[in-house]
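By convention in this document, chain letters (A, B, ...) are assigned in the order of the sequence lines, proteins followed by strands, and residues within each chain are numbered from 1.
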Protein chains: 2
Amino acid sequence: MPTTGLRPTIYDVARAAGVSRATASRVINNAPGASGPLRERVHAAVAELGYQPNSAARALASGRQRAVDVIAVTNGPDVGWLGTHPYFSRVLAGIMPVLEGVDAQLRLHVVPHGTAADAIGEIAAQATLGAVLADATPELATRFHRRCRRVVSMVPTAGSVPGMEADNVGGAYAAVAELHRLGRRRIAAVHGPAGNPCAIDRRTGCLRALDDLGLTALAGLTADGDFYREGGHAAALRLLEQDPALDAMFVACDLMAAGAVQAVTATGRRVPEDVSIIGFDDSIAAVCSNPPLTTMRLPVEEMAATATRLLLDGTPASGHRQRFPVELVTRQTTQTTQTTQN
Amino acid sequence: MPTTGLRPTIYDVARAAGVSRATASRVINNAPGASGPLRERVHAAVAELGYQPNSAARALASGRQRAVDVIAVTNGPDVGWLGTHPYFSRVLAGIMPVLEGVDAQLRLHVVPHGTAADAIGEIAAQATLGAVLADATPELATRFHRRCRRVVSMVPTAGSVPGMEADNVGGAYAAVAELHRLGRRRIAAVHGPAGNPCAIDRRTGCLRALDDLGLTALAGLTADGDFYREGGHAAALRLLEQDPALDAMFVACDLMAAGAVQAVTATGRRVPEDVSIIGFDDSIAAVCSNPPLTTMRLPVEEMAATATRLLLDGTPASGHRQRFPVELVTRQTTQTTQTTQN
DNA sequence: CTGAAAGCGCTAACAC
DNA sequence: GTGTTAGCGCTTTCAG
C-alpha cells in the first residue's frame, strides 16, 4: 500500500512520522487520543511533505462535508439576476469572513423557482454543515427543513425553520415617522412585490405609521414595485402624477429608491428640498444614488454571519429565531443642509 | 453488503434493477456500454428509490470533483468587500447560468492577499473542473497555473495562463474620443489604482486618446482613485478645484463615476450640461447613479460564462486568450436631450 | 494511548 | 454488453 502518486496521502504522513494512519488522522483533525511526542512528529511530517487532506475522501469516510450551501431561488428563468441585485452579494459578504480559517467551503446554488423543490431536496440530501436560504419562500424553507435540520433562513419563514428576522415592520414604521418628523405630510409609498414576505412586513409597518400619524388618507398614495430600480422609477412617476404635490416618499428598497430619486429629479423637483425620500436596505444603491439615500439599514451581513455561525456550531434548534434591528441611516435625501459630507 | 441506511445507494439501485453496480453506474452517468432494456430498468429504479448519487464518493472514486472554484483575492484583511463591489457579483452572475443543469457545483473562495499563495495552492491541489480567477494578480495566476492547468483568469495576466481579455485600452480610448466628439475640450480623468492591470490599461487608452486628439496638455488633469465610490468622489472634487472650468470627466470605473457625479452636482454644476461624465464597467452603479451613467460596458458576465464553458470543455490550452470588446452605452451623463428614457 | 482493520459509496479496469 | 473486483484516501470502531 505504499503511495506512489504525486500528492502525499495520510499514509505517507503516517509512515514518515513512524505512526499508524489512525494516529496521523487523529492529530491532523486534532481529535483526542494521541499525544505529546507523536503529535509533534506527525505535524512535522505534514509540514515536510506538504500534506493536504483530500476533502472528498474525508467527506466520504466521515459522512459529512465541510461545506455550507447558500441557496438562492430565482423567479424567472434568468439565473443571472444576481448581477443586478445587491442583496445576495451582501449575504455572501456576511458569510465569507466567518468561514475564514475554519476549513469549510462555501457552495453557491442558484435554483430556478420551477425546479426549486427538487434542487433543494438534492442539496438537503448531501450532508453538509448546513444551508443558508437567502430568499426561499416559506414553503421551500419548510420543505428543506423537513429533510435536513441544518438550515437557517434569511427571510421571514414559516413555523419551525430556524431564521434570522429583521424588524421590517418596525423599520418601515420608523421611516414614515421620520418623514413626518421632518414636517412632511404628503407621504407617498412604493411597496415591494405583493407576495414577498419582506415586502409585506414593510408595507404593514408603513401603513401602520400612516395610520398612527393620522395620515390614513395617504394610504391610497402608493404603488407596487418589483424590488428593482426600473419598478421604483416607474412607480415614482405614477405617484407624482397622482399627486404632483407630494413631499415625501418611502420606498421599500434602495434599488427602487434610486430609481425614484431619478424620477423625481427628472420631473424638475429637487431632492430633498421638494421631496424627501427614504429607502430600505442600505445597499450599494443607496450610496450610488445622487443625492445619496437616507435609508433603513437591514443588517444583512450581520444576519448572514450569524446564520453561518449557527450552522458551524451544530444543528440549530428547531424554531430558533434571532431578531435584528433595522436602523435609520441619514444621508442626503432627507436633509436639506448641504454639508459636504460624503 | 445490502444497504440498510436511509439513503439509497447505487447498490440498492442495482439490486432493484436486477443489474450489477457497474451497469447501474454506467447508465446513471450515461456512459457507453449499457443499453436498451437495462437502461430503462435502472432509470426506473432510480426514480422509484429517489436515488441521488453521493458526490463525495463519486469524487473520491473518480479522482475529480464536479466543481468549479471561483477565487477572489481581497486586498485588505476585510473579506467582506464583496458587499460593496459589483464586479464579483457579475462574475458569479455570468457563471451560474452555464452551470445550470450540468451537475457541477460552484465553490467560492475569498482569500486575503497575504495568505493567497497558500490558499491558491490548496485549491489547485483538489482536482476539480477548474478555477476562475476573478481578480488574481499575474503572479498568483501563474502560481496557480503551475500547479493546475485547469484555470482561467478574468483579468490581464502574465504569460501562459489562459485568460479572458477585455479591450480596456480601446474602451478608455473610445470614451475619451466620445467626450471629444461631443465637443468637450477640457477633459479630466480619474484613473484606478496604480498597480491594477485593468486600471493601467484604461489609463493607457485614455492617455493615448488625449494625445491623438491634441489634448496632451490635459494629461496632467488626472487623479488616481481606488475603484470605490469614495475615491471617485474625492478625486472629482480635487479635479474640480484644479480646473473649475473642466467640462468632462472620464472615470475608470462606475463606482467611482457615481461618486464623481455626486461631487460634480454637489458643487452646483449640472451633469451633463456643465460636465459630461463617462464611466467604465456598466455595473449596477451606472444605473443607480443620477443621472444614469453613460459608460463603457465591460462584458463581465459574458467573460465569466465563456471562462466557465472553457473549463467545462476540458483543460484550456496554455496561453489561450479570448478577447472581448468594450462598448459605449449611452445614458444620461453625456446627453443633454432630456428624453424620458432612463 | 496506539494500531489493525473495516468500510464510506462510487468508478474503472479487467474478465466473462 | 455485463458483471467482478479492486481500490480512491480517509475516519472510526475495536482490540491491544
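A straight line from CZ of B/R21 to P of C/dT11 spans 10 Å, rounded to a whole angstrom. For B/Y11 and C/dG9, the OH to P distance is 13 Å, given to the nearest whole Å. Atom pair A/R15:CZ and C/dT2:C1' shows a separation of 19 Å (rounding to whole Å applied). Look at CZ on B/R7: it is 9 Å from P on C/dG9, rounded to the nearest Å. Atom CZ in B/R41 sits roughly 15 Å away from atom P in D/dG1 (whole-Å rounding).
Using a 4.0 Å heavy-atom cutoff across all strands shown, B/A34 reaches sugar-phosphate atoms only and no base atom.
One side chain, A/Q65 or B/S55, offers a donor N or O that lies under 3.5 Å from an acceptor on the other. Side-chain atoms of A/Q126 and A/T128 form no donor-acceptor pair, as typed in the model, at a separation below 3.5 Å.
Partners of B/R149 under the side chain to side chain donor-acceptor pair (under 3.5 Å) rule, at least two apart in sequence or in another chain, are B/H145. A search for side chain to side chain donor-acceptor pair (under 3.5 Å) contacts involving B/R64 returns nothing, not counting sequence neighbours. The side chain to side chain donor-acceptor pair (under 3.5 Å) check on B/Q322 picks up B/H320, with sequence neighbours excluded. Every salt bridge (charged side-chain N to carboxylate O under 4.0 Å, His left out) that B/R323 has, sequence neighbours left out, goes to B/E165, B/D167. With sequence neighbours left out, A/E48 forms a salt bridge (charged side-chain N to carboxylate O under 4.0 Å, His left out) with no residue at all. Annotation: salt bridge (charged side-chain N to carboxylate O under 4.0 Å, His left out) contacts of B/R39 (sequence neighbours excluded): none. For A/T308, there are no side chain to side chain donor-acceptor pair (under 3.5 Å) partners, not counting sequence neighbours.
In A/E40, the CD atom is not crowded: 12 or fewer heavy atoms of neighbouring residues, nucleotides or ligands sit closer than 6.0 Å.
At the phosphate of C/dT11, OP1 or OP2 sits under 4.0 Å from a side-chain N or O atom of B/S25. Of the side-chain N and O atoms in A/R58, one or more sit less than 4.0 angstrom from OP1 or OP2 of D/dT11. Contact annotation: B/T23 side-chain N/O to D/dG3 OP1/OP2 distance is under 4.0 Å.
Less than 4.0 Å separates DNA chain D from at least one heavy atom of each of the following residues of residues 44-56 of chain A: A/Y51, A/P53, A/N54. Interface residues of residues 60-69 of chain A facing DNA chain C, ordered by number: A/L60, A/A61; criterion, heavy-atom separation under 4.0 Å.
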Determine all donor-acceptor pairs shorter than 3.5 Å in which one atom belongs to a side chain in residues 312-319 of chain B; sequence neighbours excluded.
| unit_1 | atom_1 | unit_2 | atom_2 | d |
| --- | --- | --- | --- | --- |
| B/T315 | OG1 | B/R150 | NH1 | 3.1 |

Every protein N/O lying under 3.5 Å from an N/O of nucleotides 13-16 of chain C:
| unit_1 | atom_1 | unit_2 | atom_2 | d |
| --- | --- | --- | --- | --- |
| C/dA13 | N6 | B/R26 | NH2 | 3.4 |

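Taking five base pairs at each end of the helix from C/dC1-D/dG16 to C/dC16-D/dG1 and finding the rotation axis that steps the C1' atoms of four pairs onto the next four gives two axes whose angle is 30°, to the nearest 10°.
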